[in-house]
Amino acid sequence: MITEIQNGIYKDKIIPIRFIPFDIGCAINPHLSESIKNTLNHTYKCNEILQDDDVMILLSISSIHLIFAFHIDDKIDLYVFDFGIGVCTVKDDVFVIEQENYAYKYCDLRKKVHEEYLKSGNANSIKIREIANTLRSLASESVNRLRYSANDKWENGGLSYVMTVSNVIKTDFNAAYDHMSDDEKLNLHIMLEPSIAHKEDSLVYSCYQEIDTEAHIINLSQLDIPENFLFGDKNAIYISWAAVLLYYSEVDIKMQNIVTSLEVGLQAMWMNTYCMYEDLILSGKEKRLLVSQLQTKLFTFRRTFNEFKGISDSSLPSYITRIRNELIRTSGIDEYAEKYQAELEYLIAETDSINAEKQKKYSWLNELLLFLIAFIQIAPMLYDVLSNGFPSLKLFPVIIMALMIVVAAIILIKKD
């Protein structure tokens, strides 16, 4: 059914919320935290988001590393984490549903908007970049170096990616998959898996081509039934690697805030893991780190990641835990975290091996020095013996000393 108009307003629509993480460049200590807050307050006239805000309450449960958050303007919110990552959320322009197969058009728009954000093509991304650069400048005054990912020459002008949560509002609608029409099922599948309609959202590689949506045939029987992570028929949450879709008959602010808080925490940790790995690889090309430095990185990351995977409130509703677990699973963060830790473990082992080879290579020098020290100590006695003969020497001690010298020489030879 084509969307009806009520009082001049389309009843059916999609409200997209964008999540854009960026690297500040270093861990944020109390002094830097205060400096950032003062700058946001005075320079940008931002209002701090208070701890009783729904998103902040949920974030405090799922992420102990959130320091503070600010309303940048009526569209943009900024969340700052102590491991040096900022996450901006943007309440973007509403997409009006005007046709049955709206998913094709929506995915086209989503791809276009993501490109605009990453290429500074709109006012929101320009403001986000400006704030990111301001925070990086403040951070550079606190440490000797920032991570490689904390500058506007990194990837897409300092921003790596955009993730979108889509709030689909459809009146008089049953959100359970079994009760959807075939057209609505198709829309759901295309938004969850854009590649089945050649609408993949990648700036690196795309099979994308213009297609005739009327002639494009997708066999629903060949597609897996997506899982609804809510209970009931009016509201639903569907999750994939490419998208998070919330279906409502009318906007549910509570549920929107739950998903926003879960995504902010996830995107912060995903970006942190990504930037730490990339910085490790790039910095290693310039200077090899000490084993102690590598071990510190490994232990710090393991603690931070374990804190992220856990949750501090055991009474949290089970459906929130299920949603969070699925968001984490589909994000691929576990694989990236394992990759980073494996690289650290490899570098620790490699550095240990190199250090051992160096010690072995120069062990002869240590032995020579020990020999010289010993020789200096016995030189007066040896000189006296060679000058005055052996009238005072006894045979047995001389034999014992000679045997000890022979045994020591054999040990030195055999050890290599």
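Atoms considered below: every heavy atom in the structure, side chains included; atoms not considered: hydrogens, waters and symmetry mates.
- Between the side chains of S331 and Y336, no donor-acceptor pair of N or O atoms lies under 3.5 Å.
- Pairs of residues two or more places apart, or lying in two chains, that qualify as ring pair (Phe, Tyr, Trp, His ring centres under 6.0 Å) and include a residue from residues 154-179 are Y161-W270, F173-Y247, Y177-H189.
- Judged purely by atom type and a 3.5 angstrom limit, N272 has no side-chain atom pairing as donor or acceptor with the backbone of A268.
- Side-chain atoms of T260 and N257 form no donor-acceptor pair, as typed in the model, at a separation below 3.5 Å.
- At least one donor-acceptor pair closer than 3.5 Å links the side chain of T300 to the backbone N or O of T296.
- Side chain of D12 to backbone of V96: no donor-acceptor contact under 3.5 angstrom is found.
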Using the ring-ring contact (aromatic ring centres under 6.0 Å, His included) rule, take F83 and H65 through it: C-alpha gap first, then chi angles, then the decisive distance, then the call. CA-CA 7 Å; F83 41 69; H65 294 279; 5.5 Å; yes

| query | Which is it for M276 and R147 under the side-chain contact (heavy atoms from CB on, under 4.5 Å) test, yes or no, and what are the steps along the way? | reply | CA-CA 8 Å; M276 293 290 284; R147 290 186 287 262; 3.8 Å; yes

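- By the side chain to side chain donor-acceptor pair (under 3.5 Å) test, D53 is found to be paired with no residue, residues two or more places apart in sequence or in another chain being considered.
- The aromatic rings of F68 and F70 sit perpendicular to each other, their planes meeting at more than 60°, with 30° as the lower class boundary.
- A salt bridge links E184 with K170: the distance from a Lys NZ or Arg NE/NH1/NH2 to an Asp or Glu carboxylate oxygen falls below 4.0 Å.
- Side chains of H71 and D77: a donor on one and an acceptor on the other come within 3.5 Å.
- Ring to ring, F301 and Y340 are close: their centroids are under 6.0 angstrom apart.
- Looking at residues two or more places apart in sequence or on another chain, you find a salt bridge (Lys or Arg N to Asp or Glu O under 4.0 Å) between D92 and R18.
- A salt bridge is absent between E116 and R110: the closest approach of a Lys/Arg side-chain nitrogen to an acidic carboxylate oxygen does not fall below 4.0 angstrom.
- Formation of a donor-acceptor pair under 3.5 Å by the S261 side chain with backbone atoms of I258 is found in this model.
- When atom types are taken as modelled, the side chain of S240 and the backbone of A242 share a donor-acceptor pair closer than 3.5 angstrom.
- Separating the CG atom in L58 from the OG atom in S60 is a distance of 7.5 Å, to the nearest 0.5 Å.
- Inspection of the Y274 and S149 side chains reveals no N or O donor paired with an N or O acceptor under 3.5 Å.
- With rounding to the nearest 0.5 Å, the separation of CG in N325 from CD1 in I320 is 12.0 Å.
- The pair K75-D93 counts as a salt bridge, with a side-chain nitrogen and a carboxylate oxygen less than 4.0 angstrom apart.
- Using a 4.0 Å cut-off between a side-chain N of Lys or Arg and a carboxylate O of Asp or Glu, E130 and K127 do not qualify as a salt bridge.
- Not one N or O on the side chain of S35 forms a donor-acceptor pair closer than 3.5 Å with the backbone of H31.
- Under 4.0 Å is where a charged nitrogen must lie from a carboxylate oxygen, and between R145 and D279 at least one such pair does.
- Using modelled atom types, one side-chain atom of N228 and one backbone atom of I237 make a donor-acceptor pair closer than 3.5 Å.
- Residues D334 and K309 are paired through a salt bridge, judged by an N-O separation under 4.0 Å between the basic side chain and the carboxylate.
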Practice problem: For side-chain contact (heavy atoms from CB on, under 4.5 Å), just list the numbers for D74 and K91, CA-CA rounded to whole Å, side-chain angles, deciding distance to a tenth of an Å, and then say yes or no. | Solution: CA-CA 8 Å; D74 59 348; K91 297 180 179 67; over 6 Å; no

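- Between N219 and S221, the side chains place a donor N or O and an acceptor N or O closer than 3.5 Å (distance only, hydrogens not considered).
- Side-chain atoms of S33 do not come within 3.5 Å of backbone N or O of N29 as any donor-acceptor pair.
- Looking at T330, its side chain never comes within 3.5 Å of a backbone N or O of W241 through a donor-acceptor pair.
- Here CZ of F81 is found 4.5 Å from OG of S63. Values are rounded to the nearest 0.5 Å.
- In this structure, D82 contributes its side chain and I67 its backbone to no donor-acceptor pair below 3.5 Å.
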